[in-house]
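Following: one structure in structure tokens, then a few remarks.
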Number of protein chains: 2
Amino acid sequence: MTKRIRRDPDTTRALILDTTERLMVEEGYAAVTSRRVGQELGINGATVHYYYPTTDDLFIALHQRMTARQLAALEDVASAPDPVAALWTLQAGWAQSALGVEFLALANHRKSIREVIAATTNQAREAQTRALNVASTAAALAEELPPIGLVTILTAVARTLANEERVGITRGHAEVLSFVERLLKNPRET
Amino acid sequence: MTKRIRRDPDTTRALILDTTERLMVEEGYAAVTSRRVGQELGINGATVHYYYPTTDDLFIALHQRMTARQLAALEDVASAPDPVAALWTLQAGWAQSALGVEFLALANHRKSIREVIAATTNQAREAQTRALNVASTAAALAEELPPIGLVTILTAVARTLANEERVGITRGHAEVLSFVERLLKNPRET
DNA sequence: GTCTATAGACGGATAGAC
DNA sequence: GTCTATCCGTCTATAGAC
């Protein structure tokens with residue numbers, strides 16, 4: 001009755017992570033269960049356990065893939081005409097920020113996940129800072145604010161705006177956006 | 001065997017909200033169930049349903065209480081010597097920001113909660129902006145960035161730092177803090 | 001590699017006793 | 001107002017067939 005299709009293991013792993021990511025973005029981390037992932041994917045929930053023994057393993061694998069992709073995207077930032085603007089655009093991505101909130105909430109109460117998130121995010125921030133350093137175009141406030149501080153503020157604002165917009169909070173956004181645009185276009189020499 | 005203590009309804013309501021808030025901060029919103037809240041409080045889970053028929057009702061009631069308290073705290077901000085600095089300190093509160101992340105994640109996938117959060121947060125941001133307007137001490141970048149934009153950025157950065165620190169992400173924080181401190185102490189005249 | 005079946009736990013919500 | 005008891009659903013994780 002049910003077909004037992006033999007698939008390439010790596011393909012199945014990737015499909016499971018894809019489905020997990022989509023579920024987290026669309027419905028939140030609480031929607032991620034082995035049964036649900038399997039159902040969405042047309043496979044059995046037990047098969048998900050075969051690849052990722054516990055649900056935490058699944059979350060951790062997804063977080064690592066997400067971070068790896070962010071680091072890959074950083075290469076484009078470093079080589080962009082205006083790296084600061086490129087980083088801003090990258091961080092303002094919707095889906096990425098939605099995933100970020102879910103992982104942050106998850107980290108609030110799952111120790112194993114908290115540790116992985118802290119480690120990989122700290123590393124990613126340093127990589128982002130290096131990407132800015134490489135650039136010859138110095139940041140607007142470079143002398144008052146070290147590059148890593150700029151990266152931190154830029155990330156905080158860009159992601160918060162995306163997070164808020166996603167749930168319908170928009171007050172103040174237009175003002176911030178035009179301010180940032182002006183800053184990026186016309187960096188002042190301190 | 002079990003005692004049936006008759007309590008003041010308002011007291012019970014407050015206790016339920018207190019417990020819910022603590023659970024969300026300490027273990028995340030997923031830990032909030034009628035059974036669990038009742039257990040922590042020493043009452044039956046069904047009693048929680050008596051006061052808050054659905055779990056969403058409970059979350060919404062807590063969010064409204066949280067926002068009301070934030071608005072009350074704003075009065076101190078408006079009358080502080082330096083309202084901008086006072087708002088920064090207020091927004092950087094740990095527990096508050098932990099609650100904020102949980103509600104944001106919750107809003108990602110529960111429509112009824114999303115609407116309440118969006119409405120009350122937008123209102124709160126305007127109230128915060130009024131609190132700054134009232135002050136004679138103008139903000140550092142007042143002319144380039146309208147007060148509501150300043151409030152938005154300040155809130156985004158303060159809360160993000162608290163959120164990150166809570167899970168062990170600290171890279172760039174020291175740099176941002178000293179930058180903000182310098183800005184607050186020594187606003188430049190644009 | 002993927003399935004069925006199952007153990008064992010927890011959840012929302014309600015009816016009705018007290 | 002608070003309880004007990006219950007219905008019905010979901011979840012994780014594992015054992016074992018194919």
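Basis for what follows: all heavy atoms, side chains included, without hydrogens, waters or symmetry-related copies. Below, chains carry the letters A, B, ... as their sequence lines are ordered, and counting in each starts from 1.
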Checklist entry - With sequence neighbours left out, what residues match A:E181 under salt bridge (charged side-chain N to carboxylate O under 4.0 Å, His left out)? => result none
Checklist entry - Got a sec? Which of residues 21-32 of chain A come in under 4.0 Å of DNA chain C, heavy atoms? => result none
Next on the checklist: Using a 4.0 Å cut-off on heavy atoms, which residues in residues 43-53 of chain B reach DNA chain D? List them by number, or say none.
Outcome noted: B:I43, B:N44, B:A46, B:T47, B:Y50, B:Y51
Item to check | Listed partners of A:H63 passing ring pair (Phe, Tyr, Trp, His ring centres under 6.0 Å), at least two apart | outcome: A:F103
Checklist outcome for this item: Sorted by chain and number, sequence neighbours left out, salt bridge (charged side-chain N to carboxylate O under 4.0 Å, His left out) with A:D76 holds for none
Checklist outcome for this item: In short, side-chain hydrogen bond (donor to acceptor under 3.5 Å, both in side chains) pairs touching residues 83-94 of chain A with sequence neighbours left out are A:Q91-A:R159
Next on the checklist: Which residues pass the side-chain contact (heavy atoms from CB on, under 4.5 Å) test with B:A105, not counting sequence neighbours?
Outcome noted: A:V101, A:E102, A:A105, B:Y29
Using a cutoff of under 3.5 Å, can you pull out all pairs of nitrogen or oxygen atoms linking the protein to nucleotides 7-10 of chain D, with atom names and distances?
none

Next on the checklist: According to side-chain contact (heavy atoms from CB on, under 4.5 Å), who are the partners of B:Q123, at least two apart in sequence or on a separate chain?
Outcome noted: none
Item to check | Counterpart residues, side-chain contact (heavy atoms from CB on, under 4.5 Å), relative to A:S112 (two or more places apart) | outcome: A:D56, A:I60
Item to check | Those residues that, when tested against B:R35, pass salt bridge (charged side-chain N to carboxylate O under 4.0 Å, His left out) (two or more places apart) | outcome: none
Next on the checklist: According to salt bridge (charged side-chain N to carboxylate O under 4.0 Å, His left out), who are the partners of A:R166, at least two apart in sequence or on a separate chain?
Outcome noted: none
